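The structure appears below as structure tokens.
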Number of protein chains: 2
Amino acid sequence: MKTSSVDQIIADLLGQKQYHYTSQQIFEQIRTRLPAVNRSTVYRSLDRLVSQGKVSISDIGTGSLVYELVGNGMHHHLVCQHCHQIITIPADEINPLFSKIEQESHFQIITNHLILYGICPGCQNKKEL
Amino acid sequence: MKTSSVDQIIADLLGQKQYHYTSQQIFEQIRTRLPAVNRSTVYRSLDRLVSQGKVSISDIGTGSLVYELVGNGMHHHLVCQHCHQIITIPADEINPLFSKIEQESHFQIITNHLILYGICPGCQNKKEL
DNA sequence: TTCGCAAATGCAACAAATCGCGTTATAATT
DNA sequence: AATTATAACGCGATTTGTTGCATTTGCGAA
């Protein structure tokens with residue numbers, strides 16, 4: 001396996017902050033270090049990192065997927081499909097289920113940022129949608 | 001509120017099968033009924049249906065999001081981020097958690113197709129990734 | 001029925017993401 | 001060190017998804 005400098009730079013970037021980036025943000029950040037890097041190279045690098053289980057993908061309902069380093073701390077969200085309000089669910093609420101699934105399936109779960117979609121209490125009350 | 005014929009056709013389409021479609025598949029299907037329909041109209045129609053809580057979105061790791069009618073039956077998946085194998089998780093495994101979260105948050109959960117990513121037992125054993 | 005508002009649509013420009021292919025470069029082997 | 005296989009890359013073409021704006025159309029009010 002060849003070593004990819006782009007892989008390393010992305011992993012560094014994602015490791016710096018306990019937060020997630022869109023592919024666009026990652027692309028822009030990489031360009032500050034490797035100005036000539038091609039967009040497709042960044043996408044392919046992200047694919048590799050995901051395939052290796054080092055990076056997780058989440059859809060937080062903003063239209064763009066976000067990437068974050070696995071092990072950067074679990075945090076889960078409830079997202080309202082109508083007003084796009086985001087609520088955080090305590091990790092304790094979810095972790096027992098993940099552990100149970102891991103034991104039963106022998107999968108190693110990478111998802112560290114579970115997103116559940118729904119309609120928030122306020123929007124349920126709006127007569128029409 | 002004006003009625004959108006495209007909204008109705010999409011809902012019909014999604015209701016016909018207990019299955020999910022990509023936006024591309026939906027677009028192609030719609031064209032068989034409304035040959036002149038514009039791509040952006042389909043996307044905007046999907047946005048409306050999602051916003052109304054009638055349609056759910058899932059990312060099954062294929063690159064494209066899939067849409068399905070809410071109420072078409074729950075089914076959840078474990079997806080291997082390395083070999084893309086997909087395993088189905090019994091709904092019973094997940095439903096209690098959803099009920100608990102609904103009670104505590106008063107959100108109405110729309111997600112009817114939960115996808116958890118991980119590394120499957122086989123891929124965990126591959127020396128390098 | 002007509003009028004007028006607001007929602008839905010089409011269109012065209014744009015942006016984001018993917019793909020095929022030829023090239024470059026790393027790392028293992030000799 | 002030279003050779004070779006193959007992973008990573010850049011580039012251009014294509015596909016997919018988004019946005020602004022002008023137009024059309026359905027629906028309620030007059």
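Naming convention: chains lettered A, B, ... in sequence-line order (proteins, then strands); numbering from 1 in each chain. None of these values were measured; they are calculated from a predicted model.
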Task: Pairs involving residues 101-111 of chain A, ordered by first then second residue, that meet side-chain hydrogen bond (donor to acceptor under 3.5 Å, both in side chains) (sequence neighbours left out) - done: none
Task: Pairing residues for A:Q85 by the side chain to side chain donor-acceptor pair (under 3.5 Å) criterion, not counting sequence neighbours - done: none
TODO: Report yes if a side-chain nitrogen or oxygen of B:T3 is closer than 4.0 Å to either non-bridging phosphate oxygen (OP1 or OP2) of D:dG26; otherwise report no.
DONE: no
Open item on the list: Going by ring pair (Phe, Tyr, Trp, His ring centres under 6.0 Å), name the pairs with one or both residues in residues 36-62 of chain B, residues two or more places apart or in two chains.
Closed with: none
Might you list the N or O atoms of the protein lying below 3.5 Å from N or O atoms in nucleotides 18-24 of chain D, with each pair's distance?
from	atom 1	to	atom 2	distance (Å)
D:dG20	O6	B:R44	NH1	3.4

Task: Protein-nucleotide distance (B:L65, atom CG; D:dG17, atom P), rounded to Å - done: 8 Å
Task: Side chain B:S51, main chain B:D47, donor-acceptor under 3.5 Å - done: no
Open item on the list: Taking the axis from the first five pairs and the axis from the last five, what angle separates them in the helix from C:dT1-D:dA30 to C:dT30-D:dA1, rounded to 10 degrees?
Closed with: 30°
Task: Under 3.5 Å: donor-acceptor pair, side chain of A:S99, backbone of A:N95 - done: yes
Pairwise N/O distances under 3.5 Å, protein to nucleotides 1-3 of chain D:
none

Task: Atom-to-atom span, CG of A:L34 to P of D:dA8 - whole angstrom - done: 16 Å
Open item on the list: Can a donor-acceptor pair be found, under 3.5 Å and without considering hydrogens, that links the side chain of A:Y117 to the backbone of B:N112?
Closed with: no
TODO: Would you please name every residue forming a ring pair (Phe, Tyr, Trp, His ring centres under 6.0 Å) with B:F98, sequence neighbours left out?
DONE: B:H76
- [ ] Kindly state which residues belonging to residues 21-30 of chain A come within less than 4.0 angstrom of DNA chain C, counting heavy atoms of the residue only, listed by number.
- [x] A:S23, A:Q24
Task: Contacts of B:R31 that satisfy side chain to side chain donor-acceptor pair (under 3.5 Å) - sequence neighbours left out - done: none
Open item on the list: My understanding is that only residues two or more places apart in sequence, or in another chain, count here; which of them pass ring pair (Phe, Tyr, Trp, His ring centres under 6.0 Å) with B:H113?
Closed with: B:H20, B:H75, B:H77
Open item on the list: Side chains of A:Q24 and A:E28: any donor to acceptor distance under 3.5 Å?
Closed with: yes
- [ ] Only pairs at least two apart or in different chains count here, so list each salt bridge (Lys or Arg N to Asp or Glu O under 4.0 Å) that has a residue in residues 50-79 of chain B.
- [x] none
Task: Side-chain hydrophobic cluster, 4.5 Å single linkage: members besides A:L14 - done: A:V6, A:I9, A:I10, A:L13, A:Y21, A:I26, A:F27, A:I30, A:L34, A:V37, A:V42, A:L46, A:L49, A:V50, A:V55, A:I57, A:L65, A:Y67, A:L69
TODO: Would you check if there is a donor-acceptor pair between the side chains of B:D12 and B:Q8 at a distance under 3.5 Å?
DONE: yes
TODO: Could you state the atom-to-atom distance from CG of B:L46 to P of D:dT16 in whole Å?
DONE: 15 Å
